[in-house]
Amino acid sequence: MATFPVINLEKLNGEERATIMEQIKDACENWGFFELLNHGIPHEFLDTVERLTKEHYKKCMEQRFKELVASKALEGLQAEVTDMDWESTFFLRHLPESNMAEIPDLAHEYRKVMKEFAQKLEKLAEDLLDLLCENLGLEKGYLKKAFHGTRGPTFGTKVSNYPPCPKPDKIKGLRAHTDAGGIILLFQDAQVSGLQLLKDGQWVDVPPTRHSIVINLGDQLEVITNGKYKSVEHRVIAQTNGARMSIASFYNPGSDAIIHPAPALVENNKLYPKFVFEDYMKLYAGLKFQAKEPRFQAMKARETTLPIATA
């Protein structure tokens, strides 16, 4: 099987630009996932994010998770659990407005660092969207504009810890799903693995590489590219040894953004519907862990005469 794509973004501005762009194109068309090295976010800063995230879990969330495990009797599982995940999470919203001040228990330093991290990731996401535009033959800024709606994009972070699990064969860290949104940027634990993607009917490990950012494409990019790029099913396998940290940031369309295939990519065959992003998210909320195709079909069935945005 082909090797999981790892792309050195540092080479983008040199003689190897064409090669790097081709690597990104291949990863988007054939994997829906790729790992970025030398992405511009300093390694020391990422070390700080990791340290503070792990400290926060130990101090504020570990005991809560243990109590949840006890209350649900998850330690002595005999049958497979299919309606919950072995993970401890909290969510930070950055755009259109931040909820950072409302999250309890966040130390001042951690709050400040996560705010700066979000700004760095937002810039990286927008730079990547422009690289995708270049590869797709779309004008620069097209995808950012397509995501904009009336208030700009939606951007948030899911901070997860996957503690050691005594029965990893009975419960997933996170059940298989595709991501509903746009482009996802993941900073994951470099020591403890667990993330897998589905490729050609087989589950493939996403290698944990220190200081890398893993990118994956969501359902909305599949729609906008008219299927040229596809969102890919992925999951987290619970591990018996070691706690895994995962910080996934979702750069998504604004809630009222009208999503539809880019006219330049349709040719004579429009494969996906037009819809308001918020309507898709309402549908996704109840069907996250099911196949994406029925979601697209449901949106097509209720497709309205929404105006094509000028994006």
Side-chain angles (χ1 to χ4, degrees), residues 49-94 98-111 113-114 117-118 154 156-181 184-197 203 205-206 208 214 216 233-250 252 281-290:
V49 170
E50 181 172 353
R51 174 178 60 81
L52 293 174
T53 298
K54 289 181 174 179
E55 284 176 6
H56 175 77
Y57 174 72
K58 278 275 181 205
K59 183 182 171 191
C60 302
M61 302 189 73
E62 187 173 41
Q63 186 56 36
R64 222 176 294 164
F65 185 76
K66 286 177 178 173
E67 289 167 5
L68 172 70
V69 168
S71 71
K72 301 278 189 184
L74 295 179
E75 288 203 327
L77 291 173
Q78 300 302 315
E80 187 171 359
V81 174
T82 57
D83 61 350
M84 66 178 295
D85 304 300
W86 188 269
E87 64 171 357
S88 170
T89 65
F90 66 95
F91 295 86
L92 300 173
R93 190 174 65 246
H94 314 300
S98 172
N99 71 343
M100 295 272 273
E102 301 155 27
I103 305 291
D105 308 328
L106 288 189
H108 174 72
E109 183 190 9
Y110 189 35
R111 207 181 296 266
V113 163
M114 290 305 280
F117 191 31
T154 307
T157 298
K158 178 188 176 189
V159 182
S160 306
N161 280 275
Y162 299 93
C165 178
K167 297 274 186 149
D169 57 325
K170 301 296 186 195
I171 188 168
K172 296 287 184 292
L174 181 60
R175 288 160 286 165
H177 63 287
T178 64
D179 288 326
I184 299 86
L185 305 93
L186 169 69
F187 176 43
Q188 65 169 343
D189 204 291
Q191 273 79 44
V192 183
S193 62
L195 179 62
Q196 297 182 327
L197 65 93
W203 288 104
D205 290 330
V206 176
V214 175
N216 72 283
E233 209 172 323
H234 53 285
R235 67 184 185 182
V236 175
I237 298 298
Q239 306 286 355
T240 51
N241 298 316
R244 176 178 176 268
M245 176 203 76
S246 160
I247 304 174
S249 296
F250 300 80
N252 290 346
M281 288 305 291
K282 286 175 183 169
L283 183 70
Y284 180 85
L287 302 172
K288 174 176 177 175
F289 299 108
Q290 297 179 31

Undergrad: Of the non-hydrogen atoms in Ile171 and Asp85, which two are nearest, and what is the gap between them?
TA: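 Heavy atoms only, the tightest pair is CD1-C, 4.2 Å.
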Undergrad: Which heavy atom in Asn216 sits nearest to a heavy atom in His234, and how many Å separate them?
TA: ND2-CE1, 3.8 Å
Undergrad: Looking at Asp189 and Gln191, would you say the former's side chain and the latter's main chain have a donor-acceptor pair under 3.5 Å?
TA: yes
Undergrad: Which pair of heavy atoms, one from Met100 and one from Leu106, lies closest together, and at what distance?
TA: O-CD1, 4.3 Å
Undergrad: OG1/Thr178 to CG/Leu197 distance, rounded to the nearest 0.5 angstrom?
TA: 12.5 Å
Undergrad: Are the side chains of Phe289 and Leu174 in touch, meaning some heavy atoms are under 4.5 Å apart?
TA: yes
Undergrad: Is any side-chain heavy atom of His94 closer than 4.5 Å to a side-chain heavy atom of Phe117?
TA: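 SC-SC contact between His94 and Phe117 ruled out.
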Undergrad: How are the rings of His56 and Tyr110 set to each other: parallel, tilted or perpendicular (split at 30° and 60°)?
TA: tilted
Undergrad: Once rounded to the nearest 0.5 Å, what's the spacing between atom OH of Tyr162 and atom NZ of Lys172?
TA: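 It comes to 13.0 Å.
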Undergrad: Is the backbone N or O of Thr154 less than 3.5 Å from a side-chain atom of Asn252, with the two atoms forming a donor-acceptor pair by type?
TA: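 Here the side-chain-to-backbone pair does not exist.
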Undergrad: When rounded to the nearest 0.5 angstrom, what distance separates CZ in Phe250 from CZ in Arg93?
TA: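 Answer for the CZ-CZ pair, Phe250 versus Arg93, is 15.0 Å.
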Undergrad: Working to the nearest 0.5 angstrom, can you tell me the gap between His177 NE2 and Glu233 CD?
TA: 9.0 Å
Undergrad: Measure up the Phe65 and Trp86 rings against each other and bin them: parallel (under 30°), tilted (30 to 60°), perpendicular (over 60°).
TA: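 Perpendicular: the ring planes of Phe65 and Trp86 meet at over 60°.
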Undergrad: If you look at every heavy atom in Pro164 and Pro166, which pair is closest and at what distance?
TA: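 Closest approach of Pro164 to Pro166, heavy atoms only: O-CD, 4.0 Å.
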Undergrad: May I have the list of side-chain donor-acceptor pairs in residues 237-249 shorter than 3.5 Å, sequence neighbours left out?
TA:
residue, atom, partner, partner atom, Å
Gln239, NE2, Ser193, O, 3.1
Arg244, NH2, Gln188, OE1, 2.8
Ser249, OG, Thr157, OG1, 2.8

Undergrad: Do Lys59 and Glu55 sit within salt-bridge range, that is, some charged N less than 4.0 Å from a carboxylate O?
TA: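 The answer is no: the pair does not qualify as a salt bridge.
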Undergrad: Can you confirm whether Glu67 sits close enough to Val69 that some side-chain heavy atom of one is under 4.5 Å from a side-chain heavy atom of the other?
TA: no
Undergrad: So which heavy atom on Phe90 is nearest to which on Ile103, and how close?
TA: CD1-CG2, 4.5 Å
Undergrad: Can you pull out every salt bridge (Lys or Arg N to Asp or Glu O under 4.0 Å) where at least one residue sits in residues 157-171? Sequence neighbours excluded, please.
TA: Glu87-Lys158
Undergrad: Looking at residues at least two apart in the chain, or sitting in another chain, which of them share a side-chain hydrogen bond (donor to acceptor under 3.5 Å, both in side chains) with Glu62?
TA: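 With neighbours one apart ignored, the set is Lys58.
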Undergrad: Report the distance from atom OG1 of Thr53 to atom CE of Met61, rounding to the nearest 0.5 Å.
TA: 11.0 Å
Undergrad: CD of Gln63 to OH of Tyr57: how many Å apart, nearest 0.5 Å?
TA: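 Result: 9.5 Å between the selected atoms.
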Undergrad: Tell me, with the steps shown, if Met114 and Val159 meet side-chain contact (heavy atoms from CB on, under 4.5 Å).
TA: CA-CA 10 Å; Met114 290 305 280; Val159 182; 4.1 Å; yes
